[in-house]
Amino acid sequence: MIEGLVELLVVFVLAMFVGFEVITKVPPTLHTPLMSGSNAISGITIIGAMIVAGRGDARVAAILGFLAVVFAMINVVGGFMVTDRMLRMFKRKKESE
Amino acid sequence: MIEGLVELLVVFVLAMFVGFEVITKVPPTLHTPLMSGSNAISGITIIGAMIVAGRGDARVAAILGFLAVVFAMINVVGGFMVTDRMLRMFKRKKESE
Amino acid sequence: MIALIKLIYLGAAVCFILGLKRLSHPATARSGNMLAALGMLVAIVATLFDQEILTFPVIIAGIVVGSAVGATFARTVKMTAMPQMVALLNGFGGGASALVAGAEFLRLQGGVATPINIAITIQLSVLIGSVTFSGSLIAFGKLQELVTGRAVTYPLQKTLNALLFASVLGLIAWLVVSGQPVPFIVLVGLALLLGVLSVIPIGGADMPVVISLLNSYSGIAAAMTGFVISNSGLIISGALVGASGLILTRIMCKAMNRSLANVLFGAFGSGATEVAAGPAGALERPIKQISAEDASTLLAFARQVVFVPGYGLAVAQAQHVVRELADLLEKRGVEVKYAIHPVAGRMPGHMNVLLAEADVPYDKLFDMDQINPEFDRTDVSVVIGANDVVNPAARNTPESPLYGMPILDVDNSHHIIVMKRSMRPGFAGVGNELFYDSKTTMLFGDAKDSLKKLATEVKEL
Amino acid sequence: MIALIKLIYLGAAVCFILGLKRLSHPATARSGNMLAALGMLVAIVATLFDQEILTFPVIIAGIVVGSAVGATFARTVKMTAMPQMVALLNGFGGGASALVAGAEFLRLQGGVATPINIAITIQLSVLIGSVTFSGSLIAFGKLQELVTGRAVTYPLQKTLNALLFASVLGLIAWLVVSGQPVPFIVLVGLALLLGVLSVIPIGGADMPVVISLLNSYSGIAAAMTGFVISNSGLIISGALVGASGLILTRIMCKAMNRSLANVLFGAFGSGATEVAAGPAGALERPIKQISAEDASTLLAFARQVVFVPGYGLAVAQAQHVVRELADLLEKRGVEVKYAIHPVAGRMPGHMNVLLAEADVPYDKLFDMDQINPEFDRTDVSVVIGANDVVNPAARNTPESPLYGMPILDVDNSHHIIVMKRSMRPGFAGVGNELFYDSKTTMLFGDAKDSLKKLATEVKEL
Ligand SMILES: NC(=O)c1ccc[n+]([C@@H]2O[C@H](COP(=O)([O-])OP(=O)(O)OC[C@H]3O[C@@H](n4cnc5c(N)ncnc54)[C@H](OP(=O)(O)O)[C@@H]3O)[C@@H](O)[C@H]2O)c1
Ligand SMILES: NC(=O)c1ccc[n+]([C@@H]2O[C@H](COP(=O)([O-])OP(=O)(O)OC[C@H]3O[C@@H](n4cnc5c(N)ncnc54)[C@H](OP(=O)(O)O)[C@@H]3O)[C@@H](O)[C@H]2O)c1
């Protein structure tokens, strides 16, 4: 069990490194879209929510599962759409350059 | 079994990303030391060599294990020392600046 | 099958990584966002085939409701309300992680003793998720002005928060040992309270940094959830977001020349400093005012005019009028440029978004580094509701809280016109020597009104 | 215990990552190398506690022998022989991976049927390891001049190699199905042959790129070994090296303005081109020669002299003499600079290492970008055994294989003195217009001899 945890920890540490390396020297203009884009990615918890919601658990757990899916989905859909709206705005300006 | 392989694959892919991200825009001056330094790191296969050599296998496997340890160790020790020698040379020059 | 689903999760994670990479360069940002969204879609579809999933109605219902709400939010939000929107969405993400962990906790109640590592990660997931949830909601409230935007301070604040934090950790330790559900609810309550109390003392203008930090938390909450259900897809994506959020937070703090600790615990923008530094200096010393008529003449006959927008432009929603005035001036042959300070406004890229909304051409916007050498050659700089980002104290006064922040050197131009409503200080709560400069004239009033007057005057010239 | 060892491996991998990061910046490179070495030490010690290890004598013996050999190599190798040393060490690393996989294969022969994924990774590990081993040895031989440095070509070469590669893949497929040991030995033999035959057609001067690529292979071989023994420490480190080797290869190809395919299959530097382009042009057109005496006068009375070292400096081992001459000139008040082209010589950083050995101060060495604007103001440029890196064809002649490579603009200086032994071309095998330039004079002879003469003359002035 603990061994399995270490394996997962390996994945966690490596992914942290990737995250650190990928986001370096972003121009301030992109801070807000980047924030909301990465925020949408953190909605990946939808996977966990779906598993919990689909397990056919007893009442309370099922309600929690349903809420989890709703919340996560708001995060995902809202996040990506909002980011796109922001970026579209930047894009348009560039073309008119 | 295959599932375990996928877990390992995850680690592999993430580590590749880290490697790609870490080595960007190295100045040409450092190409040779970087090459020999990362070469020394690839001597990590020493771990595998030790496990194979220490298992108390039958004759042929034991010889292979011994050779593996020797080879890997040459790579590790030689690699790090050579790199250090090269870098020491750069270092000295810098201080005299 | 399981192996295949895991492979697909890996693919999704790769999409996220590549998406984030593209998101951090202006030219590729939009495609990066789409790539990340694609990764998410793939992950969701793959999960439907997970063998642990037995019934679909709850899932489908949840997805439909959530998507509808999310899409409505995204469609209807105003461009200027983006920061609070992000905060709100982030809160939902954190909440979802806490809920998943909660459901898992309930399920494990029934069976045999929970393994200790699962117990720990469940609690951590609930803790971080709940803090993210309530903290984000407060950040949202502050920016939406449902809660006061000021830094709320009270005696023993830090001690209280530290105690709260310690007791939450104590509870987790206790829970890990006993596994009882009652204190679990207490844990949720305390975590929520902790989120509220840690964000309340932070000034509204520091919210972007807070949101970025909470965003990082929500990533870590997702990763913790991944540990709970042993899912490396969740772990990778969560860690990615966690790390990139931290880096982004650091970059933002650097741009304001402040430490993260100062942002979180400094109670910057609390009423206290603001009152102390504000009117005191303002009453004593003489300033020069200018009429809209004189100002318009000055502008109309200038060779180069630089507009310096700040937070006041956003408050007054004057982005369209400024564009109108710029068009009029350009028709008269005046060279018009916009100087964009990296932390002007209240969110990163605030000015860019606003001016983009008013269709100001991209190539008229200049970064601090590009425009600073230009002020020498500028006849009139028009400061529109900006204050801290043009405060020379950042260069000259080591005691100032702004000291060290790079600023726009508007004081190098021949004339400076400052538009604001009063002599009140800006976000940092300190006076501004620029207003007393011999080359500076003040044009008091709401920025939108003032700009409208100027436009009318220029038309009539 | 197992969990602890795995944690330690993770720690070692983190050391490697941070070490590599530091290795890619000049100021931190040395500490980065030490950090990586520390990570390796930790990993080795941790492995001693692995429960799979039953006897220690073989391990200890292996470690002692290997360390002694490695240390001796590292101590005795000359600075100028670094590239071949790296190639040799790399070969040992690849060989070790192949041996581990081989031992694992033998062991699994005894028991039940090998699971298919293990079987595949064992074969891949053997294949990549063996190719790395023999390929690296050939690269070593070429650089050490045990094997001809020329690109060895023969008819149907590519077809043959492709066939060999296909049959190796076929063997692997067959092995995976049958698991028989006999073709396993054949596999090793064919893989070794493949390594030899793919490196033989590559010119000696392209070896740094080849070594970097083989380095990447040896990383991937280590990662494959990690798959075989299910060890994520090996996988991470191997993948790191694999990826960074690929990136480095790409960066090096870019610096030479060539594609990787061109390096691997282009047979650059084969005899054919060299003869064709060389003397033909040389005989027809007039060149100007200069005597050591005249040259020394020119140098002694110049205001600024730029030395442009190239591969010939390394061949002649003239780094100490050039320093001596520079000292003499500086005593006379001449400003002396060195122009370092990124691919001058035969390995990256070749010139830096050589000149550092002769104690040339670091701040006298100038990058291409720094020095190019200086040539206008340079009275005499002294080209010491450089050729391709100062060939104007790279700017002017689209048909030239050098076209597009950024070069040192020595032809902008007032006088150019070229030191080489003949009119033979350099590495790229093409003629050089610079030698026929009206401002150019040639000083034929071994670079070390010529420089010595110059130094003597300058002393006597
Ligand atoms: N951009 C970011 O990401 C970010 C994030 C966090 C913090 N900050 C901080 O925010 C500050 C930004 O500087 P800034 O110069 O843009 O803004 P500022 O220093 O906050 O000053 C804004 C000025 O606008 C005036 N104003 C407000 N409403 C107005 C209206 N309707 N019409 C005309 N004027 C109006 C105010 O004066 P009156 O009240 O007298 O009108 C105020 O002095 C910096 O200190 C920065 O560190 C920025
Ligand atoms: N640096 C790297 O990492 C690297 C790696 C791979 C390939 N390369 C390639 O190598 C080339 C490097 O250019 P380069 O200008 O440095 O060298 P080069 O073009 O190869 O020219 C070297 C010149 O030195 C002369 N020379 C040789 N021995 C000499 C001696 N003892 N005394 C005096 N002169 C001597 C030779 O002419 P004589 O025979 O007439 O004396 C030759 O023309 C580039 O084409 C580059 O792409 C570089």
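Just the heavy atoms: all of them, side chains too, but no hydrogens, waters or symmetry mates, feed the values below. Letters go in sequence order (proteins before strands), and every chain restarts at 1.
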Per-residue contact mode, L8(B) against chain D (heavy atom under 4.5 angstrom): both

In terms of heavy-atom contacts, V22(B) and S24(D) come closest through O-OG, 3.8 Å

Compare every heavy atom of S218(D) with every heavy atom of N39(B), then report the nearest pair and how far apart it is. ND2-OG, 4.2 Å

Chain B heavy atoms under 4.5 Å from N33(D): which part of the residue, side chain, backbone, both or neither? both

For S237(D), what residues pass the side chain to side chain donor-acceptor pair (under 3.5 Å) criterion, not counting sequence neighbours? none

Please verify the inter-ring angle class for F133(D) with F71(B); under 30° counts as parallel, over 60° as perpendicular, anything in between as tilted. parallel

Less than 4.5 Å to any heavy atom of chain D: does that hold for the side chain of L14(B), its backbone, both, or neither? neither

Nearest heavy-atom neighbours spanning A222(D) and G238(D): CB-CA, 4.2 Å

Please determine, among D367(D), L246(D), L248(D), I340(D), the option with the most heavy-atom pairs under 4.5 Å with chain B. L248(D)

Out of curiosity, K21(D) NZ to T28(D) OG1, how far, rounded to the nearest 0.5 Å? 10.0 Å

Region of A40(B) in contact with chain D, defined by heavy-atom distances below 4.5 Å: backbone

On a heavy-atom basis, the closest approach of G242(D) and I220(D) is CA-CG1, 4.0 Å

Intermediate values then yes/no, side-chain contact (heavy atoms from CB on, under 4.5 Å), S97(D) and I128(D): CA-CA 8 Å; S97(D) 288; I128(D) 304 176; over 6 Å; no

Whatever's closer than 4.5 Å to a heavy atom in chain B on L23(D) counts as both

Would you mind checking which part of L48(D) comes under 4.5 Å of any heavy atom in chain B, side chain (CB onward), backbone (N, CA, C, O), both or neither? both

When the 4.5 angstrom heavy-atom criterion is applied to H25(D) and chain B, the contacting part is backbone

With a 4.5 angstrom heavy-atom cut-off, could you sort out which part of R75(D) is near chain B: side chain, backbone, both or neither? both

Region of S67(D) that comes under 4.5 Å of a non-hydrogen atom in chain B: both

At a heavy-atom separation under 4.5 Å, does M351(D) approach chain B through its side chain, its backbone, both, or neither? neither

Toward chain B, the part of F73(D) with a non-hydrogen atom under 4.5 Å: side chain

